[in-house]
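Since the structure comes first, as structure tokens, the remarks are kept for the end.
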Amino acid sequence: MTDASLAGLVARLPHLRLLTEPGDLEHYGRDWTRRWTPAPLAIALPADVAEVQGIVRWANEQGVAVVPSGGRTGLSGGAVAANGELVLSLERMNRVLGFDAVDRTLTVQAGMTLHAVHEAAKEHGLIYPVDFAARGSCSIGGNIATNAGGIRVIRYGNTREWIAGLTVVAGNGELLQLNRGLIKNSSGYDLRQLMIGSEGTLGVVVEATLRLTDPAPPSQVMLLALPNMDALMEVFALFRSRLTLQAFEFFTDVALRHVLAHGAQRAIDGDHPYYVVTEFDADESSQDAALAAFEVGLDHGWISDGVIAQSEAQAAALWRVREGITESLAPHKPYKNDISLRISALPDFLHEIQGLLGREYPHFEVVWFGHIGDGNLHINVLRPEHLSDGDFIAQCELVTKLLADTLQRHGGSISAEHGIGLVKRAYLGSTRSEAEIALMRGVKQVFDPKGLLNPGKLFG
Ligand code: 2HG
Ligand code: ZN
């Protein structure tokens, strides 16, 4: 790529903010995976939709690959630019465009952080309920690109459920208004839903109309200690049958050790192999129901100990233990798995996979945590200090192949909520059939004939 062609972009969009300093290329060229060396051509920071269209049209004329970019908190390399791509950061497009009290929708630009979306919804007495730990830095556009899930899926579903309309710049620069906020729309293919989870390979989401809802009723947060993995599923079934759950998350003693070393506070004494953080609606009757469920769990030997938060500060402290895990593991350069199963398939799968990981990773520290109530497990493998990044990843990939085969047998998915990106593209075939992948490639061809939108992501 020559400077002359960037000059062409500047001539076309004289007010476009473009960054080419090495520090900027590094900052905007990578996400939280830290596995690839960032090497983008330049960073474009459009101020409006017209500039996004101009960039995509220019990229088509010049044959330049474009990486749409949000908060880059992704864990699958979906926003990595390591091959001379132009990074198209939506960072400056971060405003609320409108609120409609009758439709209960909030229309926003794609670069808003999830936290800012939460705050904007709150100003109108409503909530946007999708939530997870990266809320302060991830962007709503990125959430849409991966159909992000998080800690409230059990109650509210994934991002997909909350998108009433999308404005998208397609691969040829054309502007698409998808679904326009309609609740019912039986008029052919739902291209909005196709865009959600497409990881920036079909178009650039520039605006979104989000559905809002009433704030959740008052809730209580409980931390439980469990004696074994089977108890996890028993306690989940017990609590779900007696309470209205807002979240049901688990982690192991290994995760706890890391998060405590990283500043979280211990809430339960003693050594226990598994923990659950659960939040549930808490009117007076459900408080009694929670205590009754707890007693039943104790009697059956499924629960060893537990605490119920007595204040908002204590609830936040309990959540910090769960939400701080990713950050506490980051210094150990973890190899991440983000797998999904039907809840009914979990018990058999867990038994099989525990054996497999124990066999294949005898010398590695393996950290389990995640959204057990959604059938979504995060298995992080920590890099031993004596291994180079390359050797470590190579060894992990061998096990991922076995994991993918096991998932396939149990009807699961190699990515629940992080996306395929670069990290999991070799395993797409374990989750999607050949026929499905061929159709997906066909769709990609229709939306992005020159293959310039986020090339290499999703497909190997
Ligand atoms: C979470 O559930 C995130 O905390 C990150 O999805 C998971 O770090 C991970 O593997
Ligand atoms: Zn997660």
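Only a predicted model underlies this, so the values are computations on that prediction, with no experimental measurement involved. All values below were derived from every heavy atom in this structure, side-chain atoms included, with hydrogens, water molecules and symmetry-related copies excluded. Counting begins at 1 with the first residue of the sequence. In each ligand, atom 1 is the first atom listed, and ligand 1 is the first ligand listed.
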* Asked: Stepwise, does the salt bridge (Lys or Arg N to Asp or Glu O under 4.0 Å) test hold for Glu199 with Lys457?
  -> CA-CA 8 Å; Glu199 301 190 32; Lys457 314 293 165 51; over 6 Å; no
* Listed protein N/O/S atoms, distance to the Zn ion (ligand 2) under 2.8 Å ->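 Protein N/O/S atoms under 2.8 Å of the Zn ion (ligand 2): His371 NE2, His378 NE2, Glu417 OE2.
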* Quick one: which ligand 1 atoms are inside 4.0 Å of a heavy atom on His371? ->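 Here the atoms of ligand 1 in question are 2 (O).
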* For ligand 1, which atoms have a heavy atom of Arg322 less than 4.0 angstrom away? ->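 Here the atoms of ligand 1 in question are 1 (C), 2 (O), 4 (O).
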* Asked: Gly70 and Ser139: which non-hydrogen atoms are nearest, and at how many Å?
  ->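 So the two residues come closest at CA-OG, 3.3 Å.
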* Under the side-chain contact (heavy atoms from CB on, under 4.5 Å) rule, collect the residues that match up with His27, sequence neighbours excluded. =>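 Counting only residues at least two positions away or on another chain, His27 forms a side-chain contact (heavy atoms from CB on, under 4.5 Å) with Arg72.
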I need the nearest protein heavy-atom contact for [atom]: residue, atom name and distance, please.
atom	value
atom 10 (O) of ligand 1	Asn380 ND2, 3.0 Å
atom 6 (O) of ligand 1	His418 NE2, 2.8 Å
atom 5 (C) of ligand 1	Thr326 OG1, 3.3 Å

* Asked: So, does Phe369 sit close enough to ligand 1 that a heavy atom of it is under 4.0 Å from the ligand?
  ->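 It does; at least one heavy atom falls under 4.0 Å.
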* Asked: What do you reckon, does Glu249 put a non-hydrogen atom under 4.0 Å from ligand 1?
  ->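 False for this residue.
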* Asked: Which part of Leu75 is near ligand 1, with near meaning a heavy atom under 4.0 Å away: side chain, backbone, both or neither?
  ->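 The side chain, only.
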* To do: Classify the contact between Leu329 and ligand 1 as side chain, backbone, both or neither, using a heavy-atom distance cut-off of under 4.0 Å.
  =>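 Neither part.
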* Asked: Can you find an N or O of Asn337 that's nearer than 3.5 Å to an N or O of ligand 1?
  ->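 There is no such contact.
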* **Within-4.5 Å side-chain heavy-atom neighbours: Leu194 and Leu178** =>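 Heavy-atom side-chain distance check fails, nothing below 4.5 Å.
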* Counting heavy atoms not belonging to His124, are there more than 12 under 6.0 Å from its NE2? ->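 Result for NE2/His124: enclosed.
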* Within a reach of under 6.0 Å around CD of Glu436, are more than 12 heavy atoms found that belong to other residues, nucleotides or ligands? ->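 Count over threshold, so yes.
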* **Nearest-option assignment for atom 8 (O) of ligand 1, heavy atoms, candidates Lys336, Glu323, His378, Glu417** =>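 The nearest heavy atom belongs to Lys336.
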* salt bridge (Lys or Arg N to Asp or Glu O under 4.0 Å) contacts touching residues 145-167 (sequence neighbours left out) ->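 Counting only pairs at least two positions apart or across chains, the salt bridge (Lys or Arg N to Asp or Glu O under 4.0 Å) contacts touching residues 145-167 are Arg152-Glu279, Arg155-Asp281.
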* To do: Mind jotting down which residue pairs meet the salt bridge (Lys or Arg N to Asp or Glu O under 4.0 Å) criterion with at least one end in residues 132-143? Sequence neighbours excluded, please.
  =>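 Listed once each, the pairs are Asp131-Arg135, Arg135-Glu323.
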* To do: Mark yes or no: Lys424 above the aromatic ring of Tyr335, with NZ or CZ under 6.0 Å from the six-membered ring centre and no more than 45 degrees from the axis.
  =>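 Yes, cation above the ring, under 6.0 Å and within 45°.
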* Salt-bridged, Lys401 to Glu397, with N to O below 4.0 Å? ->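 Judged by the 4.0 Å cut-off on N to carboxylate O distance, Lys401 and Glu397 do not form a salt bridge.
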* Under 3.5 Å, is there a donor-acceptor pair between the Asp338 and Ser415 side chains? ->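 A pair is found: one side chain offers a donor N or O, the other an acceptor, under 3.5 Å apart.
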